[in-house]
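In what follows, every chain begins at residue 1, and chains take the letters A, B, ... in the order their sequences are listed.
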There are 2 protein chains.
Amino acid sequence: MGVTLTDIETDEDAAARARTTVYVCVTCRRPGDPEDAPRPGLTLACGAAKAAEGTGVSVCQVECLANCSRSLSAAMRCDGTWTYIFGGLDPERDAEALIEGAQLLAHADDGILPWRGRPEVLKRGLIARVPPFDFASSNSKEETE
Amino acid sequence: MGVTLTDIETDEDAAARARTTVYVCVTCRRPGDPEDAPRPGLTLACGAAKAAEGTGVSVCQVECLANCSRSLSAAMRCDGTWTYIFGGLDPERDAEALIEGAQLLAHADDGILPWRGRPEVLKRGLIARVPPFDFASSNSKEETE
């Protein structure tokens with residue numbers, strides 16, 4: 001009995017870390033945006049939720065990730081991984097990059113979002129990262145290729 | 001038999017959230033610091049560890065919190081609370097404020113670091129915050145007094 005492509009995909013899904021979550025700030029607006037206009041953060045959150053369909057990634061709307069000076073903002077983490085915060089996101093362009101990044105993180109054995117292969121906006125838009133609770137100080141390679 | 005001050009303190013300790021942790025970036029240096037000089041991030045980490053003695057707060061040294069442009073950097077969280085990232089910290093001045101903030105967070109019923117009573121440097125130095133996994137969107141009051 002051979003291994004089918006479907007089997008492989010199922011194995012990969014099972015290997016992904018639990019509770020892969022993208023948090024999108026829905027109060028974020030860009031400098032100069034009118035106070036009463038629809039918030040571009042909400043547009044980004046809705047786009048991310050659409051891009052996440054069928055991936056196992058949860059998208060969670062948050063009021064304020066406190067990265068207001070470098071908005072739009074989003075964060076991501078899975079069980080046992082580092083937490084990443086991103087800024088300077090574009091509501092129309094970056095929803096898919098967030099989900100792609102979350103999937104990369106979910107499959108990272110060391111809990112660190114790989115630099116190589118990471119969507120460009122998740123390189124230049126990196127605001128900060130925080131280790132998981134069970135962090136061992138030997139596992140903190142710096143944020144470069 | 002009366003209640004002694006020691007009893008009260010013990011009760012308060014028991015009410016604090018588990019795994020209260022401050023992460024300090026030990027690779028951080030300020031713009032203009034020589035590459036080979038002792039890292040001020042390490043000075044901050046050692047000061048924080050000393051300030052944490054007897055408080056139940058753990059201080060964890062991390063190589064790179066990826067907040068390099070606004071260093072020195074530290075983060076804090078407890079089980080079930082929001083995670084906070086701070087920048088612009090001073091190695092000689094801000095170790096105690098970090099531990100004070102972590103203790104405030106550990107006693108916050110809603111898992112949110114209170115704005116009122118928070119050390120000033122943890123207001124003006126706030127870089128970002130990320131909710132806990134069990135986050136309910138109704139619990140995300142904005143970052144103001």
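Counting only heavy atoms from C-beta outward, the side chains of B:F135 and A:T21 never approach each other to under 4.5 Å.
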Check: Taking it one step at a time, do B:I85 and A:I85 satisfy side chain to side chain contact (heavy atoms under 4.5 Å, CB included)?
Finding: CA-CA 10 Å; B:I85 300 106; A:I85 300 106; 3.3 Å; yes
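For the pair B:R70 and A:S69, the tightest heavy-atom approach, listed with the atom from each and the gap, is NH1-OG, 3.9 Å. For A:L65 against B:V130, the heavy-atom pair with the smallest separation is CD2-CA, 4.3 Å.
Residue A:I127 touches chain B through both its backbone and its side chain, counting heavy-atom pairs closer than 4.5 Å. Interface remark: B:S73 contributes no atoms to any contact with chain A (heavy atom separation under 4.5 Å). At a 4.5 Å heavy-atom cutoff, the contact between A:Y23 and chain B is made by side-chain atoms alone.
Put simply, of A:A75, A:G87, A:C25, A:P131, the one with the most heavy-atom pairs under 4.5 Å next to chain B is A:P131.
Of the possible donor and acceptor atoms, none in the side chain of B:R129 sits under 3.5 Å from a partner among the backbone N and O of A:N67.
B:L42 and B:V59 end up in different hydrophobic clusters when Ile, Leu, Val, Met, Phe, Trp and Tyr side chains are linked at under 4.5 Å. Cluster membership for A:V26 and A:L89, using ILVMFWY side-chain heavy atoms within less than 4.5 angstrom, is not shared.
Interatomic distance, A:S58 OG to B:F133 CZ, rounded to the nearest 0.5 Å: 9.5 Å.
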